[in-house]
Structure formats: C-alpha cells, structure tokens
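Because the structure is a prediction, the values reported are computed rather than measured. Throughout, a chain's letter reflects where its sequence line sits, starting with A, and its residues are numbered from 1.
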Number of protein chains: 2
Amino acid sequence: MTRVLVVDDEPQIRRALSTNLRARGYDVELAESGEEALQLVVDRHPDVVVLDLGLPGVDGLEVVRSLRTWSRVPIVVLSVREAERDKVAALDAGADDYVTKPFGMSELLARLRAAVRRSAPAVDEPVVDTADFCVDLAAKQVRRHTPDGDVEVHLTPTEWSLLELLARRRGRLVSQADLLLEVWGPANERSSDHLRVHMAAIRRKLEPDPSRPRWLVTEPGMGYRFV
Amino acid sequence: MTRVLVVDDEPQIRRALSTNLRARGYDVELAESGEEALQLVVDRHPDVVVLDLGLPGVDGLEVVRSLRTWSRVPIVVLSVREAERDKVAALDAGADDYVTKPFGMSELLARLRAAVRRSAPAVDEPVVDTADFCVDLAAKQVRRHTPDGDVEVHLTPTEWSLLELLARRRGRLVSQADLLLEVWGPANERSSDHLRVHMAAIRRKLEPDPSRPRWLVTEPGMGYRFV
DNA sequence: GACAGTCTTCACGACTTCTTGACGGCGCTG
DNA sequence: CAGCGCCGTCAAGAAGTCGTGAAGACTGTC
C-alpha cells in the first residue's frame, strides 16, 4: 500500500485530502508543521509527500531543502502562490511538482500517481546467499565462496534459468512440470532428462560435494528444492 | 549537455522554446509530428521530451503511450486544454508533468530541470575508471590510459550508446534484448548481428587484447557485462 | 560528385551450449 | 530377489552463438 504524508496547517485541507486518499486505498500520515513532517518522513518512510508551502514556523521551502539533503522521496508542493518565481524556487529546491490552490482533487491524485510511479520501480532484487555460494539475481551472477575469496562461477543460460527459478522460490518445492514449463516453455512435452542433466551441471559448479547435494535437493518423484 | 526533444506543430512555439533552451545550454531537437517525435527519441535519445498534446495526425496522448511501452524518458506535456480530465489522462498515460498554455518560460524551465534531475540516475560516480580506460558518463568521453598519458578515444554514436548502457549497469548482466531495445529502439526486431559488430568495434578501441576481452565480457546466450 | 565516417549485412570458422541415449546406482514393491 | 521407476553421470553429436573481416548502403560535407 502506498503511504502518503500530507503536510498542511489547515485542518479542512488535511481532512479533505485524508478522506480522498484513504478512499482510494492510500495509507495516509498527517503533519501540521514542518518539524513534524521531517520527523514523520524519518519515522514512517512515506512513498510520497504532499507539502503545503504556507506553513507556520519552518517555511515549506526549508522543509523541501532539508528533505533533499538526505531523501529522494517525491514531493508534491501545494501552494496558494501562483507567481512563477515561487514555483521555480520550490522546484529548484527539489520539489517534484507544484500545484496551486485551489486545486482539483482528481488532478492532484493524478500527479501523485505520476510521482509515485516514477520513483517506484526501484525493485531491489534480492541476493540469495548460502554458506557455499551467492546468487545475485539482479546481476545474474553467481559467486562461489572459497578460502581465497569469492570466485565468479559461469553458468549457461539454461543453468541460470533453473537456478534463478529455484532461488526465487527458495524453501519451496518446485515441481518438474513447473521447471520444464518455465525454462523450456509451454510447447514442449519434454522429458525430465534435460532437468537431470542440467541440475547435475549446476551442482557440479556450486555444490561442495555434487553427488551429495546440500542446497539443491531432489525430492524424488516430485521436483527440486533450494534450501 | 542535456538533450531536449521539443514536439509542437506551431512554428513559433518551436522557435521560442528552441531559442530559450539553447540559450540555457540545452541541446535541442525539434519535431513537428508524433511520428517524427517517436523516431527522434529512437535516434537521438533525448534526456527529456516536451510534448504538445494538440498535434495533427497521431494524438499526443498516443505518443505518450507509445513511448511508455519501451522508454522511461521524462515527458513534460504542453497543452491548451485545462480540463482536469485531460491532465489526468495525460499523466496516467505516463507523462511526468502537465503545463497549460500559455505558460511562463521560467516555470517550464524549472519543471524541465525537475524532470531531468529526477531521472538522473543515482550515479554515485559519473566516471567509470578501469585499469585500461576511463568512461566519463557526464562528458560522454572515453580516455585510454597509455604509458605516455591518457589519450582520448573516439567512439561512434552507436558505440557510445552501448558502452554507456553497459557502464551504467556495470557489474550487472545486460541482455541482448535490453541492449537492442535501448540502442535501436522498439520497432526493430533486429538480429544481434549489430550487437556483435559494434561490441567488436568498442573492444578494438578499448580492450588491451580485443579478442580476449577483460572488461566487456560476453556471457554466451545471455548478454554482455561490464566488469 | 568525390569523400570520409558510420551503419548494416553476410558468410565463415571457432567455440559454447543443448540434446540425446546409454549405463549403473538406489529404493521400493510384489 | 527380480523387476521397475527414478535419478545421477558420462560422452558424442547436433544445434546454436560469437567474433571477425569485408563489402555495400547511407549520410552529410566539402
């Protein structure tokens, strides 16, 4: 669920935004001041901040600048000021968008979606690490731990596909049908001969004792499991 | 230098934008139609697109959608339409910002800066250095280390695109599909012949022993990797 | 129109990867 | 204990991929 931090000192705006956003499935945090906003960004890690420029106390612009010293969270600025130099100042301070009040709710929501969408796709692919080797799913790379440090292990495309699938579902049993389907595609009613050959190749490269697999376990008659 | 693609059918707007942007040090490309715009994104890889919605021929919204099927280049939409539903449609189609005409030039420039800043990869290091050569991503320049000091190496546009993509994702495997998409655009179901030829050219210019690549490694059947 | 630079296309040999079939080990069942 | 199914291993040939050089197409400049 997307978390939005709404920063505004006017209660009715907070209420209006909060209601609208919650109705659309957002998780909403509210702040009334710049200080509170900065604290909540630290505590709750919102996915996007809606920030009124006209705050009492710390100026909204200062909030933007403070945030930008350490965070890249998208900031959509709200303001009654229409002057170009205000917009320029806010945007150059690090804001992502600038909406002047009064604003249409649907436009604001669309701009929020755009801001979140842009920053979202930072999908961090995990690195699966074992005592013997380490599978980096993002880099498509496998390193084997040795006394002299890590050594890169070269896998062929088929071997990588198999290992990747097992690593993504580590702990779970993956049936032979699933493996054949994902690696060789739907058309093939291939035999599981392939599976055996390629699994053996992976084990030879990664397992300390390939004939006694410790990580890539066979479940006879069912499939394979990465533990 | 930041490259901006301006898409508008009105000559005076093109001229105004082009003049203002060039005066501020932008590299400006101009397009009068949606088709031309799509082609120029493929050919010139702009860092940001300014797109008028009211184009003859292909609708501006369609241009946004087409681009978003394969590219993440920031798009700032210009439009005379002020209705919220137009803004929502454009933003949800994948635009990054929406500015209504008539617009203030300084505001547009600030929004462009914001769009470019956001998309700027979180490059911790805009210069990638190896023992043999040095890739300056900001300056789009490659220098080769020699006993007599550094020598600038000239790369063709295609070669640079390839090297840049690999350098930005250094350490990670980049699939042939990704490389073809980013360098040659979406329309082309090109063969990987191109890839092989241009990679060979880059290696000839940068690798100490081009037939035994040390930095630009081939992962057979999968892609290439900059280590 | 010649020219230089670039991109595309193609064919070939070298190399890597995949498939296929055979063989033996293991555990289970009748 | 023999038969059966399933699995791991091996090796050889088939299939595919990569690097390379060279020729032609295309572009913009002089």
Protein-nucleotide distance (A:Leu162, atom CG; C:dT19, atom C1'), rounded to Å: 14 Å
B:Met222 CE - D:dG16 C1' separation (whole Å): 16 Å
Under the side chain to side chain donor-acceptor pair (under 3.5 Å) test, residues paired with B:Glu36 that sit two or more places apart: none
Results of side chain to side chain contact (heavy atoms under 4.5 Å, CB included) for A:Thr2 - residues two or more places apart only: A:Tyr26, A:Asp47, A:Val116
Partners passing side chain to side chain donor-acceptor pair (under 3.5 Å) against A:Ser79 (at least two apart in sequence or in another chain): A:Tyr98
Under-4.0 Å side-chain N/O to phosphate OP1/OP2 contact, A:Trp184 with C:dT19: yes
Nucleotide D:dC7, atom C1' - distance to CD of A:Glu207 in whole Å: 15 Å
I'd like a list of close polar pairs between nucleotides 4-6 of chain C and the protein, N/O only, cut-off under 3.5 Å.
unit_1 : atom_1 : unit_2   : atom_2 : d
C:dT6  : OP1    : B:His154 : NE2    : 2.5

Flag side-chain contact, heavy atom, 4.5 Å: B:Glu164 against B:Leu137: yes
Stepwise side-chain contact (heavy atoms from CB on, under 4.5 Å) check, B:Leu40 with B:Val49: CA-CA 10 Å; B:Leu40 279 175; B:Val49 176; over 6 Å; no
Interatomic distance where CD belongs to A:Glu159 and C1' belongs to D:dG8 [whole Å]: 15 Å
Set of residues satisfying side chain to side chain contact (heavy atoms under 4.5 Å, CB included) with respect to A:Arg143, sequence neighbours excluded: A:Cys134, A:Gln141, A:Asp150
Residues that A:His198 engages under ring-ring contact (aromatic ring centres under 6.0 Å, His included), provided they are two or more places apart: A:Trp184
Side-chain N,O (A:His194) to OP1/OP2 (C:dT20) below 4.0 Å: yes
Value in whole Å for how far the P atom of C:dC7 lies from CZ of B:Arg44: 12 Å
Under-4.0 Å side-chain N/O to phosphate OP1/OP2 contact, B:Gln176 with D:dT17: no
Qualifying residues under side chain to side chain contact (heavy atoms under 4.5 Å, CB included), relative to B:Glu82, sequence neighbours excluded: B:Thr100
Whole-Å distance separating the CD atom of A:Glu219 from the P atom of C:dG27: 16 Å
Under 4.0 Å protein heavy-atom contact, by nucleotide of nucleotides 19-30 of chain D - B base, S sugar-phosphate only: BS----------
Nucleotide D:dG8, atom P - distance to CG of A:Asp209 in whole Å: 13 Å
Non-neighbouring partners of B:Asp52 that pass side chain to side chain donor-acceptor pair (under 3.5 Å), sequence neighbours left out: B:Lys101
Relative orientation of the end axes in the helix from C:dG1-D:dC30 to C:dG30-D:dC1, expressed as an angle to the nearest 10° (five pairs per end): 30°
Listed partners of B:Leu38 passing side chain to side chain contact (heavy atoms under 4.5 Å, CB included), at least two apart: B:Val63, B:Ser66, B:Leu67
Results of side chain to side chain donor-acceptor pair (under 3.5 Å) for A:Arg214 - residues two or more places apart only: none
